[in-house]
Amino acid sequence: MPPYRNAVATPSLRARQKAATRELIVDAAVLVFTDRGYEDSRIDEIAARAGTSRATFYLHFRRKSDLLFELARRAEHYFESDYRELADLLRDPEVEEIRCWIARGFGCWVAAAALMRPVFEAADRDRRLANQLLPDVLPGARPLARALVDAAVCPDESTSEAMAMVFMAPLFVAFRRRAFGRPIDEDRLAVLVAQSWNALAVEHLRKPTPLGPVEEPRGP
């Protein structure tokens, strides 16, 4: 009987080469979209920039718009902030600490903006694509909602989800402006957003959630 081996399956050489080619095509698409915009970019240009052919492109993607889903997937990585730290901050909120947390997130915006600009461009032109590419929940809203519950700022998931959308909306609008190359005063934005988050958190922390109707004491 052969000895037991706790082997982990590894991709074959062909599978690794295929995955590498796919990544090269996506990398090339980012460059072409940045240079020419999504609408004016052509598959032949993307394939050439990747050092491959149009036929190879179609082995990996059915159409140009399929690339947008890869870009959105890559961009998600840049919105993965440490929301557990934020939960700790919101338990005893201070504007300056919240501002620093927000400002650190701005450091990822440059790379994420290059990925998301063609996504926004395509979504603005095609409602069907918009529904597929852009989620109903703003980036970062779900982990923020969990942080609000963990910090006891919100009593339940329904309240925390609504507050998270309020928190993230100005940041999403500002990120979209950055993606299209419009100027943003990030320092001022971080201060204003931190002030609003702090005010909302303090207000909710001051108001304990009622557990049920309060009964009037009965007389003797």
Side-chain angles (χ1 to χ4, degrees), residues 11 14-83 102-146 164-165 167-184 186 189-190 193:
R14 183 175 181 180
R16 293 198 300 272
Q17 290 174 334
K18 184 176 180 180
T21 300
R22 184 183 180 90
E23 290 299 305
L24 284 174
I25 293 171
V26 176
D27 291 342
V30 174
L31 297 175
V32 174
F33 292 158
T34 299
D35 291 344
R36 300 181 58 82
Y38 174 78
E39 191 66 21
D40 292 332
S41 296
R42 298 290 177 263
I43 288 173
D44 288 338
E45 295 175 284
I46 295 169
R49 186 74 70 97
T52 187
S53 67
R54 183 183 181 92
T56 301
F57 176 94
Y58 282 115
L59 290 176
H60 295 271
F61 301 98
R62 293 176 300 170
R63 57 184 68 88
K64 183 175 71 170
S65 61
D66 287 354
L67 289 162
L68 300 172
F69 296 91
E70 290 292 323
L71 301 187
R73 179 184 58 80
R74 285 189 180 188
E76 286 180 5
H77 166 74
Y78 295 102
F79 293 101
E80 294 176 357
S81 300
D82 187 354
Y83 287 93
I102 293 169
R104 287 199 301 272
F106 289 163
C108 300
W109 277 19
V110 174
L115 296 169
M116 287 301 294
R117 177 169 182 165
V119 175
F120 291 140
E121 289 176 345
D124 287 347
R125 289 176 171 269
D126 188 329
R127 179 54 54 188
R128 179 187 58 84
L129 270 177
N131 292 335
Q132 295 174 358
L133 286 166
L134 302 178
D136 293 334
V137 179
L138 296 178
R142 284 196 178 95
L144 175 55
R146 290 193 294 270
M165 293 290 282
F167 277 13
M168 298 306 296
L171 294 180
F172 181 76
V173 172
F175 173 74
R176 183 182 166 91
R177 286 179 59 87
R178 163 61 75 86
F180 283 97
R182 298 169 188 154
I184 299 171
E186 292 182 358
L189 176 63
V193 172

If every non-hydrogen atom of Ala164 is compared with every non-hydrogen atom of Ala145, which pair is closest and at what distance? CB-N, 3.8 Å
Please list all pairs passing the side-chain hydrogen bond (donor to acceptor under 3.5 Å, both in side chains) test where one or both residues lie in residues 104-115, with sequence neighbours left out. Glu85-Arg104
Check each of Leu71, Leu68, Val119 against Tyr38 using the side chain to side chain contact (heavy atoms under 4.5 Å, CB included) test, and report the only one that passes. Leu68
Any residue meeting salt bridge (charged side-chain N to carboxylate O under 4.0 Å, His left out) with Arg14, in chain and number order, not counting sequence neighbours: none
Here the gap from Arg54 atom CZ to Glu45 atom CD, rounded to the nearest 0.5 Å, amounts to 11.0 Å
Rounded distance (nearest 0.5 Å) linking atom CD1 of Ile184 with atom CG of Leu189: 7.0 Å
Look at Glu23 together with Arg74 and state whether they make a salt bridge at an N to O cut-off of under 4.0 Å. yes
How far does CG of Asp126 sit from CG of Leu133, to the nearest 0.5 angstrom? 9.0 Å
Distance in Å, Phe79 CZ paired with Met116 CE, rounded so as to fall on 0.5 Å steps: 6.5 Å
Are any side-chain N or O atoms of Arg49 and backbone N or O atoms of Ala28, one a donor and one an acceptor, separated by less than 3.5 Å? no
Non-neighbouring partners of Arg42 that pass salt bridge (charged side-chain N to carboxylate O under 4.0 Å, His left out), sequence neighbours left out: none
Give the C-alpha distance, both sets of side-chain angles, the deciding distance and a yes or no for side-chain contact (heavy atoms from CB on, under 4.5 Å) between Phe33 and Ile46. CA-CA 9 Å; Phe33 292 158; Ile46 295 169; 3.9 Å; yes
Side-chain touch Asp44/Phe57, heavy atoms, less than 4.5 angstrom: no
Minimal non-hydrogen separation, Met165 against Ala141, with atom names: SD-CB, 4.1 Å
Partners passing salt bridge (charged side-chain N to carboxylate O under 4.0 Å, His left out) against Arg16 (at least two apart in sequence or in another chain): none
Indicate the atoms forming the closest heavy-atom contact of Ser41 with Lys64, along with that distance. O-NZ, 3.0 Å
Non-hydrogen side-chain atoms of Val110 and Arg178 separated by less than 4.5 Å: yes
Working for side-chain contact (heavy atoms from CB on, under 4.5 Å), residues Leu67 and Val26: CA-CA 7 Å; Leu67 289 162; Val26 176; 4.2 Å; yes
Exercise: identify the closest heavy-atom pair between Ala75 and Ala112: CB-O, 4.5 Å
To the nearest 0.5 Å, what is the distance between CZ on Phe61 and CD1 on Ile43? 10.5 Å
Quick one: closest heavy-atom pair of Thr56 and Ile25, and the distance? O-CD1, 4.4 Å
Nearest heavy-atom contact between His60 and Lys18 is CE1-O, 3.2 Å
So does Arg125 pair up with Glu121, basic N to acidic O under 4.0 Å? no
As an exercise, state the distance from OG1 of Thr34 to CG of Leu115, rounded to the nearest 0.5 Å. 8.5 Å
Would you sort out whether Phe180 and Arg117 count as a side-chain contact (heavy atoms from CB on, under 4.5 Å), showing the intermediate values? CA-CA 6 Å; Phe180 283 97; Arg117 177 169 182 165; 3.8 Å; yes
Report the C-alpha separation of Glu76 and Arg73 in whole Å, then their side-chain angles, then the decisive distance to 0.1 Å, and conclude whether the salt bridge (charged side-chain N to carboxylate O under 4.0 Å, His left out) test is met. CA-CA 5 Å; Glu76 286 180 5; Arg73 179 184 58 80; over 6 Å; no
Asp66: what forms a salt bridge (charged side-chain N to carboxylate O under 4.0 Å, His left out) with it, not counting sequence neighbours? Arg62, Arg63
What donor-acceptor contacts under 3.5 angstrom involve side-chain atoms of residues 170-177, with partners at least two apart or in another chain?
residue, atom, partner, partner atom, Å
Arg176, NH2, Asp124, OD1, 3.1
Arg176, NH2, Asp124, OD2, 2.5
Arg177, NH2, Pro183, O, 3.4

Look at atom CZ of Arg142 and say whether more than 12 heavy atoms of other residues, nucleotides or ligands are closer to it than 6.0 Å. no
